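Sequence positions, counted from 1, serve as the residue numbers for this chain. Since this is a predicted model, take the numbers as computed values, not measurements.
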Amino acid sequence: MITAEDEYRHVQSDVEGLWGDTLWVSVVDRDANIFGVIHFHLTNRGFGRFESLFVIDGVQQQYGNKYPLTKEADKGPWTDGVLKYEVIKPLEEIRITFDGPRYGYDLTFKGRFPVFDYDDSVNGTPFHVSMENGGHFEQAMHCTGSFEIRGGPCKGETRQLDSWSHRDHSWSARFSQEPPWEPAQQNINGHYWPSIQLPDRHINIFGTPDPSARIGGFVSDASGSKAILGGSCEWLMSDNGRDAIAFRYTLEMPDGETIHVRTGRKYGQIKLWIRGENDLENIMDCYEPFFDYEVEETGERGYGVSEYSVMPPWPRWLV
């Protein structure tokens, strides 16, 4: 069961290698024309990775930094002096601030609905291999705050954000495994993981094209957060095999209902900065496109992020 202590860094389990907490938070504000993912990897190796990856008025503006961090578990705030993550009220409210040269923000994220422990997925966590001895929870959020644009044609503007959001927190050694010695260049669909943000409910699913693999995910509404029963995903990719054009999700809900959610307009896309201990080696191509959504059966409309991966990562070496 997730407790208030799970908001903070976790003591390393009895595993070898790189261990860490990862924090993922989305910002999807269509009125402000600002879309992004804020990501942290707080490791047991004496460093953390701090990322602020945004699309502002259709233009990517990204920040990433590797910064010294205590090896021991702590309760933060966690910062590199530019980007800061602070727990205000465990499992209910967080604050993230950024003071960069091209943009800055002061954002508060409050829970729309209760957290969901991925161990409570219908067949147990789908991360039983990659996150063995770790944990993972997610939550629908409400994002508010100010976003200042410090460069480009809109330099000097400050926009007020007020939109739905999503966050997750994982702790594991999942980025410690050594990649293959010589992978071949291929475009193999990996996982899919949308956060479907609707007026009265929030839907999430984690799955892969393997029909025998476990499905994770949940639906949250005013009554709480419950595991979905199952689902699948249809992909439409560009000719390069890497860029998503559209998705259609089939979701089996807790009450036995089956719904279909399709993506609409795409607002842009970023890719996470995911590394192990070798900063030069890309170990995962994990993409974050921002979409509109529509539930086909009910006409409900919303928006969010349709995360997906393509394997193996390419290019592998970044020099």
Side-chain angles (χ1 to χ4, degrees), residues 1-25 37-51 66-80 85-87 89-92 94 111 114-139 166-180 190-191 193 204-208 210 212-218 225 227 272-279 281-284 286 307 309 311 313:
M1 179 177 292
I2 298 299
T3 69
E5 290 301 309
D6 288 315
E7 278 282 21
Y8 308 109
R9 289 177 67 190
H10 290 75
V11 176
Q12 181 175 352
S13 294
D14 187 20
V15 295
E16 296 182 359
L18 179 68
W19 169 272
D21 286 69
T22 57
L23 313 168
W24 184 106
V25 186
V37 169
I38 311 166
H39 192 254
F40 302 79
H41 187 192
L42 312 174
T43 79
N44 65 333
R45 295 302 206 224
F47 68 85
R49 289 194 174 95
F50 297 76
E51 305 168 56
K66 183 178 180 180
Y67 194 78
L69 189 74
T70 62
K71 294 183 179 181
E72 296 76 26
D74 67 350
K75 293 189 175 183
W78 303 292
T79 182
D80 65 346
Y85 185 109
E86 182 179 6
V87 177
K89 192 172 183 180
L91 308 183
E92 294 186 30
I94 59 175
V115 301
F116 178 78
D117 184 348
Y118 247 62
D119 283 344
D120 292 335
S121 294
V122 64
N123 291 314
T125 178
F127 308 130
H128 59 290
V129 176
S130 62
M131 294 188 192
E132 186 179 5
N133 298 313
H136 179 92
F137 72 83
E138 304 192 15
Q139 187 175 22
H166 185 94
R167 68 147 170 168
D168 79 24
H169 184 157
S170 302
W171 52 99
S172 71
R174 60 177 167 155
F175 299 131
S176 65
Q177 297 180 355
E178 284 293 317
H191 77 280
W193 181 73
N204 162 265
I205 182 172
F206 178 93
T208 72
D210 181 358
S212 65
R214 294 183 186 180
I215 295 288
F218 62 96
S225 298
L272 291 183
W273 175 36
I274 297 182
R275 303 289 180 267
E277 294 190 66
N278 182 352
D279 287 343
E281 185 170 18
N282 180 21
I283 63 171
M284 185 180 186
C286 187
E307 180 180 286
S309 59
M311 303 181 296

| query | Which heavy-atom pair separates Gly17 from Asn44 by the least distance, and what is that distance? | reply | O-ND2, 3.4 Å

| task | Could you pull out the closest heavy-atom pair between Gly276 and Ile283, with the gap in Å? | result | N-CD1, 3.6 Å

| task | Could you please spell out the steps behind the salt bridge (charged side-chain N to carboxylate O under 4.0 Å, His left out) verdict for Arg275 and Glu51? | result | CA-CA 12 Å; Arg275 303 289 180 267; Glu51 305 168 56; over 6 Å; no

| Backbone of Val15 reached by a side-chain donor or acceptor of Ser13 within 3.5 Å | no

| Can you find a heavy atom in the side chain of Ser121 that is under 4.5 Å from one in the side chain of Arg214? | no

| Closest heavy-atom contact between Cys286 and Ile274? | CB-CD1, 3.9 Å

| request: With side chain to side chain contact (heavy atoms under 4.5 Å, CB included) as the test, would you mind laying out the steps for Asp6 and Trp171 before giving the verdict? | output: CA-CA 9 Å; Asp6 288 315; Trp171 52 99; 3.7 Å; yes

| message | Quick check: closest heavy atoms across Pro90 and Ala4, and the distance to 0.1 Å? | response | CB-CB, 3.6 Å

| query | Quick one: OH on Tyr8 to CG on Leu42, what's the gap to the nearest 0.5 Å? | reply | 13.5 Å

| field | Exercise: identify the closest heavy-atom pair between Val87 and Ile94 | value | CA-CG2, 4.3 Å

| In this structure, which one of Arg49, His136, Arg174 forms a side chain to side chain donor-acceptor pair (under 3.5 Å) with Thr22? | Arg174

| query | Under the side chain to side chain contact (heavy atoms under 4.5 Å, CB included) criterion, do Ser170 and Met131 qualify, and how do the steps go? | reply | CA-CA 8 Å; Ser170 302; Met131 294 188 192; 3.6 Å; yes

| field | From CA spacing to verdict: side chain to side chain contact (heavy atoms under 4.5 Å, CB included), Ile215, Asn123 | value | CA-CA 7 Å; Ile215 295 288; Asn123 291 314; over 6 Å; no

| message | Once rounded to the nearest 0.5 Å, what's the spacing between atom OH of Tyr118 and atom CD1 of Ile2? | response | 12.5 Å

| Should Gln12 and Lys71 count as side-chain neighbours, where that means a heavy-atom distance under 4.5 Å? | no

| task | Report yes if some heavy atom in the side chain of Glu307 is under 4.5 Å from a heavy atom in the side chain of Phe206; otherwise report no. | result | no

| Can you name the closest pair of heavy atoms from His41 and Phe175 and give their distance? | CE1-CD1, 3.6 Å

| task | Determine, stepwise, if the pair Asp21 / Trp78 fulfils side chain to side chain contact (heavy atoms under 4.5 Å, CB included). | result | CA-CA 11 Å; Asp21 286 69; Trp78 303 292; over 6 Å; no

| task | Would you give the length of the straight line joining atom CE of Met284 to atom CE of Met311, rounded to the nearest 0.5 angstrom? | result | 8.5 Å

| query | Is there a side-chain contact between Leu18 and Thr43 (heavy atoms, below 4.5 Å)? | reply | yes

| request: Give me the ring orientation class for His10 and His169: parallel if the planes are under 30° apart, tilted from 30 to 60°, perpendicular past 60°. | output: perpendicular

| remark: Rounded to the nearest 0.5 Å, the CD atom of Glu7 sits from the CD atom of Glu86 at a distance of 12.0 Å

| message | Taking the basic N atoms (NZ, or NE/NH1/NH2) and the acidic carboxylate oxygens, is any pair closer than 4.0 Å for Arg9 and Asp74? | response | yes

| task | To the nearest 0.5 angstrom, please state how far the CG atom of Asp117 sits from the CE atom of Met1. | result | 8.5 Å

| task | Measure the spacing between OG1 of Thr125 and CZ of Phe137 and express it to the nearest 0.5 Å. | result | 13.5 Å

| message | Does the plane of the ring in Trp193 sit parallel, tilted or perpendicular to the ring in Trp24? Use 30° and 60° as the thresholds. | response | perpendicular

| query | Mind checking whether Phe116 and Phe218 have parallel, tilted or perpendicular rings, split at 30° and 60°? | reply | parallel

| query | Would the number of heavy atoms belonging to other residues, nucleotides or ligands and lying under 6.0 Å from CD of Gln177 be above 12? | reply | no

